[in-house]
Each structure stands twice: as structure tokens, then as C-alpha cells.
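Notes follow once the structure below has been shown.
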Amino acid sequence: MQKVVILGTGGTIAGTANDPSRAWAYQAAQLSVAQLIEAVPALQGVPLEAVQVAQVDSKDMSWSIWRQLGRALHVQLARDDVAGVVITHGTDTLEETACLLQALHDGAKPVVLTAAMYPATSPDADGPGNLRDAVRVVQESARRCLGGVVAVMHGRVWSAVDVRKAHSHALDAFDGGGASPLVALAQDDRSEAVWPSAWPTCGRFGWGYLEVNPPRVEIVCSHADADGWLVRAMLAHAQTSARPLKGIVVAGTGHGTLHEGLAQALREATQQGITVWRSSRVARGGVLAREGDEWPAVPHLTAAQARVALTLSLLGAGRAG
Ligand code: ASP
């Protein structure tokens, strides 16, 4: 039987609290991934290996941690005795990591991100159940020859590009931005869940992109009174900083529309060679591309995911040759 490798990166799933009665008084990223596995009786006897890649609150996620994660995935997924990988992660930036891995992974084996909303010491900790489900999803995906990147939370399997944190404190914190989960894991008998014939296609760009230092890409938001001040402030420093600004993702209103004051500043940015992509600040539905658009629409990604996609694009990912 092939193994499942669990890569730990921290998050609330590895968090501990001193006072369980105060739900939010806890420290994320305290327990090792080996300790998380020990706390799940259903994983006893399952062939697992644990590797601690990082130990952070995922609000502090960084390109250098993604680089470590990419290196670990490169090694583990190449092993013949490994069916797939689970990544334990914080919920805050899970959607960014998922989107990045989806772009880089070759899609041959399953990579499943999971997380928790309550720390490991909470009486209602959701991490053990999510970890158990994530391991099962790797095993079941491998059995069905499904490869790619998905996220498993609260009994649902989400596509890496759909998944997003949609609630700041509910246990059922994730949704798909209007898309449905790929699989709803049945609560009683999980083997009865309906599985698709394929996971969404990966970008296959390769882990090597993480070895390069990324260009600076920032996010701005359109809103009432958005007169472009922030964009012009960025432009004033764009070329003098150690990591010059190369891209801007703008989170527009509705289906990606922009305040005219902000649009004017973004035209100035474009003239200075900065790439601008449009996403939406609206939770569901995404941006509709239209004829005559000044800036490309990122149809479905959140602004934070679009920042990842634009970074990879500026690094040349997806460009022929
Ligand atoms: N701040 C935590 C993190 O993202 C939140 C969580 O995991 O739920 O690591």
C-alpha cells in the first residue's frame, strides 16, 4: 500500500489555547504535524509520513515558504511509494497556496490542502476530522487515478481555484465563489460520495518557478472616492525600491468595474510598463470579460489568487518557449 505524506506548514489546525473558554485566544502553528497525526485515531495503521516544512500562522505566508513547500512536493511526489500528499495549512491564505500549487503541479498525483477553524486544543476542534478526510481523499483520489490540487474542509472537496475563505469564524468557512464543491463527503458513509472523473487541470508550469525571486505585484481596491492616490504613491516609488513594482491587481466593484479616478491612475501605471489585471471585490461570480476592456479580466479568482497568477505570468509561466 502506498504512503500518504503529510507536509505541515502551521495554521490554526496546529494551534493551541491556554484558555479553551476564550475561543480566539490561541496561538496558531504550535504543534508539529506528527502530533496532529497522533491525535486522529482513524489514522492509526494508515501508512503515513510526516514532514514539517514550516510552522507559521498563514497570515504570514511568503514566497520563501512556498519555495520550501515546492521543493518538498517535488521530492515527495516523485516517490513511487507515495500515493499523494496532504498539506496542513492555515485558513487565511489557503486559497493563495492552493492556486499557486495548481499552477505549478503536473497533476499526476493528488495534493490535498486542509486546515481548521478551531485550534487543536479546542473541545470542538475540527482539525482532526479534516485531516482524516484529507488523507482519505488522497487515498481515494489515487485509487481513482485522480491527480491535481484540491482543498478539503468541513466535509467538502473544493477545486484549488474555486476555494476561498468566505467566513471569518464559522466552522464552515470556505466556499467556491459561486462554484459547487467537487465532492460532498457523506457524513455517515464517506465511500458513498459522488466523485468526478477528473480533478480540474493543473497548469504544469513546474516547481522551478519558485526558485526565482518574484516580481512585486500589489493589490488595490476600487471604492467610493477611489481617486488613484494609492496607485500614484506606488508609482512614485515604483522604480527606486529594491523590488520594483511590476504588476497591480485591482479588485473592482461588481463584475470588475473601476472608479474613474482609479482607472485614470491605472492608465498612468500601464504607461509606465506596469501590468494591470482586474478581479472583483464581490464574493461570488467573478469578473466578466467584455469587448474593449482596458485591462484583462481574471474571471474567477479572488484578488489574492489573481496576485499569485499575475506574479507567475510576469515570471513567464505559460508563455510558449
Ligand atoms: N490565522 C490562521 C492561519 O491562517 C487562521 C487559521 O488557520 O484558521 O494560519
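What you see below is based on every heavy atom in this structure, not just the backbone, and it leaves out hydrogens, waters and symmetry mates. Whatever order the structure lists ligands and atoms in, that order sets their numbers, starting from 1.
Under the 4.5 Å side-chain heavy-atom criterion for grouping Ile, Leu, Val, Met, Phe, Trp and Tyr, Val161 is not connected to Val149 through any hydrophobic cluster. Cluster membership check: Leu104 shares its hydrophobic cluster with Val163, using side-chain heavy-atom separations under 4.5 Å among Ile, Leu, Val, Met, Phe, Trp and Tyr.
In this structure, ligand 1 sits under 4.0 Å from heavy atoms belonging to Gly11, Thr12, Asp57, Ser58, Gly90, Thr91, Asp92, Ala116.
With respect to the salt-bridge test (charged N to carboxylate O, under 4.0 angstrom), the residues Glu260 and Arg267 qualify.
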Which donor-acceptor pairs under 3.5 Å do side chains of residues 199-210 form with protein atoms, sequence neighbours excluded?
none

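Listed by chain and number, the residues in a ring pair (Phe, Tyr, Trp, His ring centres under 6.0 Å) with His167 are His169 (sequence neighbours excluded).
Within the structure, salt bridge (Lys or Arg N to Asp or Glu O under 4.0 Å) contacts touching residues 268-277 (residues at least two apart or in different chains) are Arg232-Glu268.
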